[in-house]
Amino acid sequence: MAPKVLMVAEKPSIALSIASVLSGAQMSTRRGSTEVHEFDAMFLGSRAHYKVTSVIGHVFSVDFPAAFQDWTTTNPSDLFQAPILKKETNPKAHICRHLSQEARGCTHLVLWLDCDREGENICFEVIECTGFHTSDGRRIYRARFSSVTEKDILKAMNSLAEPNRDEALSVDARQEIDLKVGVAFTRFQTSYFNGKYGNLDARVISYGPCQTPTLGFCVDRYLQITMFKPEKFWMLHPYIMYKGYELKLEWERSRLFDADVSAMFRNRIIEDGIMKVVRVSEKLESKARPSGLNTVNLLKVASSALGFGPQLTMQLAERLYTQGFISYPRTESTAYPSSFDFKGTLGALVHNPVFGGYAQKLLTESYNKPRAGTDAGDHPPITPMHSASEDSLGNDAWKLYQYICQHFLGTLSPDCKYRRIKVEFESGGEQFQCVGQLATVKGFTSIMPWLAISEKNLPEFAVGEKIEISKVELDEGNTSPPDYLSESELISLMEKHGIGTDASISVHINNICERNYVQVLLYALISNSSCCRLSSLLLSVMVQAGRRLAPTPLGISLIRGYQCIDSDLCLPDIRSFIEHQITLVAKGQADHSMVVQHVLEQFRRKFSYFVKQIDNMDALFEAQFSPLSDSGRLLSKCGKCLRYMKYISTQPARLYCGTCEEVYYVPQKGTVKLYKELTCPLDNFELLLCSLPGPEGKSFPLCPYCFNCPPFEGIDAFFGAPKTGDSTKLGKGVGMPCFLCPHTTCPHSVIAQGVCACPECSGTLVLDPVSAPKWRLYCNMCNCLVSLPEGAHRISTTQDKCPECDSTIIEVDFNKKTTPLKDGATLHKGCILCDELLHSLVEMKHGRSFSRHGRRGRGSGRGRGRGRGGYRGRGRGSNKQDPKMSFRDF
DNA sequence: GCAAGGTC
């Protein structure tokens, strides 16, 4: 039987390329979770049937088991020893099922994942999904390729190897370390500070070995600025008039910090009165054309010249890529493969209305190969693939595309050549100079005009000439602090220190912005280039805004806090330390679990020390933020002390009881207000009415205490919880509103307010108590919405049930003028499913159908009463005093 | 509500 070969790539585009090459473009393609390309060709000397498909990045990601997901009952320090599990990154994509199905009947598996550690790790994810075992006679091969070209693909096919388990394990190690360290610190500091201050305005106060050093760079610069002490300085500038030019000469000493000494030199020059030409030199200089464009450089230019943040830039680039206008935008490489088809790429641009002429000129007058760059073995530099116009792309995407084209054309253009003339003078024993520049070959700067050299003409001087000084200026200045860190500088720092990757740098920067640790300041930039012969469109690219990152009080307090307690925590070395440790695993020099244990133990000690020393960070917060007791407005009464609690509206929204010193989180979306001063029969807390945003937002009552500490077990879907039915995932702000409460006599519970089963899911349709006059039912689990007769004075549930379908009988008090009842009667009782009148008046707003078919009971009896109590609050544990440890000790 | 890494 002919062998069947399954090949798996990291993304659909690579699967397509591989299949095209190996089949000679003679393949059939069918849809699946990802596309599958099939064809027959030779494999290891015999005729074989091929299936080529792909994953979409990692198939799995790590997380904690359900038992460790509850913030209130899990001590963060226990996370270091907690088990972890791998779950599908995107369950909806069904990648695992897809691979398993495609692998059925296959005798050989060839892994075409990207050739880096992450790719090696994904190899083993794929192996797991396919169920291939080396023991069952089926063979597993690893294809190693450095680019997705025909030559490299064929070369890889002829030298199939084995996947590298050590490299894959090093990624497993990083995942576990990042997860445990990040989540432990994040949960601890979030709970600590949000439980103490009311105006942090931060839903989560996160920590991570990439994001925190990223923030650290921004705060470092901020601290430099605040510590800066300006100094006065003086600069001597003599002027001469010569052959019609007025020239301002530069002093060799540049500037002096002493007023008297500067004045003395000034007097000497004035006394001399003559400038003597001592040397005239001319040099031919050159400014090199760029090498290929990689992601980091694209992000930097986009931020400093286009005013686009990294997040936006990557979104735009992704779109340009999927539409076929540019090549793959996530790459470290600045070198093109030797086989790259520059002619073809230029050819693709010749009809472009903006660049066509320039591209044509390069084609006809010959082009230079791009300057050598670095080949990271991933993807070629970012290159235009297709011509596009502004109309077809939209403004922002066009600006980015335009830059990518300009850069590409620049790489193929000649270097810029210019003459640099330096004239040196002497007067009063002091040296001066002036410099002129003249371009001889503009080269790439004619397509990238913002990089052009500034030209300056000088008259011809002869050595020994003496020229009268027309005036002498002594300019006074102040040294000035640096500006806030520009995003472009930050990207350079991250790259230099190995913080993040080409694909994740933008995510880390976006994180520290979204979490309110830094604020983006937009600076207008004016291009100083006026020598552009091309359309003004090109020039306008560079006249946008630059972005700088100013840390917020929260960001500053965090970093200064780490610096007080353990500066390792916010230094970039923390990433290199982890990288160094896992590299030992990747190289097979250390055992995976030993390394993980060792690194986690160090971080556990650091964590423990941090917890003990948190007062030092807290002192900074105290100086900056208001305690909960001073925040918010009085809203509702606490059931324990019967005093009013304060509602704090900044994120995360919560109630604070100053007497009990307790915090109760409320739903984070929508608004809350007091609900008719009604109280919960279980705990005496006053009920709140929460209204979700939007015209069709639900309104529902909730008890603050029950919402945070649900009193009944077995509630199968907490409000706001993921729909995966993971009922133990019960973080703060994810709890039990009254519409999920199975209390049998409380008038607000699902027992009293529930009407019938939801036709869409396993939930219950509940009467919205404040929806008049547009009365409606909504599902307590999904977004199903049913409108009831409009304009009724009152609609309420009764204690009666429909004998036919077990739904709750409702009572409607119609408006006198619009009542559909005979003889102007207004009161009507019935089942909304079985009563013909009522059923004809209800309407399904969201959901497919609404009828008696397929309905169930209203789900009573769910949940069982349980006493209050149990574990509350975060245990601090009884850790021994652990010394702070430095990585450098290991 | 948490990390960082793939990719869409």
Side-chain angles (χ1 to χ4, degrees), chain A residues 9-15 33-35 54-64 68-72 74 76 79 82 84 86 88-90 92-93 95 113-114 116-123 125-126 168 170-191 194 202-214 314-315 317-319 321-323 328-330 378-379 494 498-508 510-511 514-515 574-575 578-579 582 603 651-654 665 667-669 720-722 729-735:
Chain A
E10 191 156 320
K11 41 188 167 280
S13 62
I14 295 200
S33 290
T34 55
E35 284 189 337
S54 74
V55 292
I56 313 166
H58 274 289
V59 184
F60 299 110
S61 48
V62 291
D63 203 352
F64 292 109
F68 293 84
Q69 296 287 5
D70 184 340
W71 286 46
T72 55
T74 304
L79 294 173
I84 53 166
K86 287 201 170 201
E88 265 194 276
T89 299
N90 181 0
K92 283 182 192 157
I95 296 295
L113 287 303
D114 291 359
D116 52 22
R117 284 182 195 168
E118 296 296 330
E120 221 57 35
N121 186 267
I122 304 174
C123 281
E125 297 183 343
V126 170
S170 78
V171 171
D172 283 342
R174 180 194 50 72
Q175 289 175 341
E176 182 168 354
I177 295 164
D178 284 347
L179 174 74
K180 290 184 169 177
V181 173
V183 173
F185 277 90
T186 298
R187 284 192 193 172
F188 168 69
Q189 60 188 28
T190 301
S191 308
N194 270 340
R203 197 156 150 64
V204 62
I205 302 169
S206 56
Y207 175 84
C210 284
Q211 58 173 272
T212 303
T214 301
M314 290 314 289
Q315 281 168 6
E318 186 72 40
R319 220 178 70 210
Y321 162 66
T322 50
Q323 292 174 341
Y328 191 66
R330 282 186 283 272
D378 48 359
H379 296 272
M494 293 175 76
I499 308 287
T501 65
D502 48 8
S504 70
I505 278 179
S506 65
V507 178
H508 299 311
N510 197 51
N511 264 343
E514 277 196 338
R515 305 248 164 97
I574 204 158
R575 192 76 206 147
I578 295 173
E579 287 295 327
I582 65 160
F603 274 107
Q651 286 205 332
R654 69 217 115 134
Y665 291 82
Q668 297 302 305
K669 283 183 186 163
K729 182 163 180 160
L730 204 189
K732 283 173 182 166
V734 178

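So you know, we letter chains A, B, ... as the sequences are listed, proteins then strands, and number each from 1.
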*Check every strand shown and say whether A/Gly119 touches a base, only sugar-phosphate, or nothing at a heavy-atom separation below 4.0 Å.*
nothing

*asked:* Which nucleotide wins on minimum distance to the side chain of A/His58, given the candidates B/dA3, B/dG5, B/dT7?
replied: B/dG5

*Within this structure, what is the CD1-to-P distance between A/Ile14 and B/dT7, rounded to whole angstrom?*
8 Å

*asked:* With a 4.0 Å cutoff (strictly under), does any side-chain N or O of A/Arg330 reach OP1 or OP2 of B/dT7?
replied: yes

*asked:* Both A/Asp502 and A/Thr186 contact DNA chain B. Taking the nearest nucleotide for each, which residue is further toward the 5' end?
replied: A/Thr186

*Using a cut-off of 4.0 Å on non-hydrogen atoms, how would the nucleic acid contact of A/Asp114 be classed: base, sugar-phosphate, or nothing?*
sugar-phosphate

_Short side-chain N/O contact from A/Ser504 to OP1 or OP2 of B/dA4, under 4.0 Å_ = no

*Map A/Glu318 and A/Gly182 onto DNA chain B by nearest heavy atom, then report which one ends up closer to the 5' terminus.*
A/Gly182

*asked:* Nearest 0.5 angstrom please: A/Asp172 CG to A/Ile177 CD1, how far?
replied: 10.5 Å

_Applying the side chain to side chain donor-acceptor pair (under 3.5 Å) criterion to A/Asp63, which one of A/Gln69, A/Lys86, A/Gln175 satisfies it?_
A/Gln69

*Hey, does the side chain of A/Gln211 come within less than 4.0 Å of B/dA4's phosphate (OP1/OP2), counting only N and O?*
yes

*Stacking here means centres under 5.5 Å and planes under 30°; does A/Tyr207 stack on B/dA3?*
no

*asked:* Expressed as a whole number of angstroms, how long is the span from A/Glu579:CD to B/dA4:P?
replied: 12 Å

_side chain to side chain contact (heavy atoms under 4.5 Å, CB included) against A/Thr322, all qualifying residues, sequence neighbours excluded_ = A/Glu318

*Less than 4.0 Å between a side-chain N and a carboxylate O, is that true for A/Arg187 and A/Asp70?*
no

*Does B/dT7 have OP1 or OP2 sitting under 4.0 Å from an N or O in the side chain of A/Tyr328?*
yes

_Run A/Ile84 and A/Phe68 through side-chain contact (heavy atoms from CB on, under 4.5 Å) and show every step you take._
CA-CA 10 Å; A/Ile84 53 166; A/Phe68 293 84; over 6 Å; no

_Residue A/Arg575, side-chain atoms from C-beta onward, closest of B/dG1, B/dA4, B/dA3_ = B/dA4

*asked:* Check this one for me: any side-chain N or O of A/Ser61 less than 4.0 Å away from OP1 or OP2 of B/dG5?
replied: no

_When you measure from the side-chain N and O atoms of A/Thr501 to the phosphate of B/dA4, is any distance below 4.0 Å, counting only OP1 and OP2?_
no

*Whole angstrom is fine here: how far is it from CD1 in A/Ile505 over to P in B/dG5?*
9 Å

*Is the distance from OP1 or OP2 of B/dG5 to the nearest side-chain N or O of A/His508 less than 4.0 Å?*
yes

*With heavy atoms under 4.0 Å as the rule, sort A/Val507 into base, sugar-phosphate or nothing.*
nothing

*Write down the distance between CD (A/Glu125) and P (B/dG5), rounded to a whole number of angstrom.*
15 Å

*Supply the atom-to-atom distance A/Thr212 OG1 to A/Phe185 CZ, rounded to the nearest 0.5 angstrom.*
9.5 Å

*Out of B/dA3, B/dG6, B/dG1, which has the shortest distance to the side chain of A/Asp178?*
B/dA3

*Considering just the side-chain nitrogens and oxygens of A/Gln175, establish if one lies under 4.0 Å of OP1 or OP2 belonging to B/dA3.*
no

*Length of the CD1-P vector between A/Ile578 and B/dG5, whole Å*: 10 Å

_Interatomic distance where CG belongs to A/Asp70 and P belongs to B/dG1 [whole Å]_ = 13 Å

*Take atom CZ of A/Arg515 and atom P of B/dA4, then tell me their distance rounded to the nearest Å.*
8 Å

*A/Asp116 has an atom CG; how far is it from atom C1' of B/dG5, in whole Å?*
10 Å

_Nearest to side-chain heavy atoms of A/Leu179, which nucleotide of B/dA3, B/dT7, B/dG6_ = B/dA3

*Got a sec, which residues hit ring-ring contact (aromatic ring centres under 6.0 Å, His included) with A/Tyr328, two or more places apart in sequence or on another chain?*
A/Tyr321, A/His379

_A/Arg174 vs B/dA4: side-chain N/O to OP1/OP2 distance below 4.0 Å_ = no

*Looking across every strand, which nucleic acid part, if any, lies under 4.0 Å from A/Pro652 by heavy atom: base, sugar-phosphate, or nothing?*
nothing

*Under 4.0 Å between any heavy atoms, over every strand shown, what does A/Phe185 touch: base, sugar-phosphate, or nothing? Just pick one.*
nothing

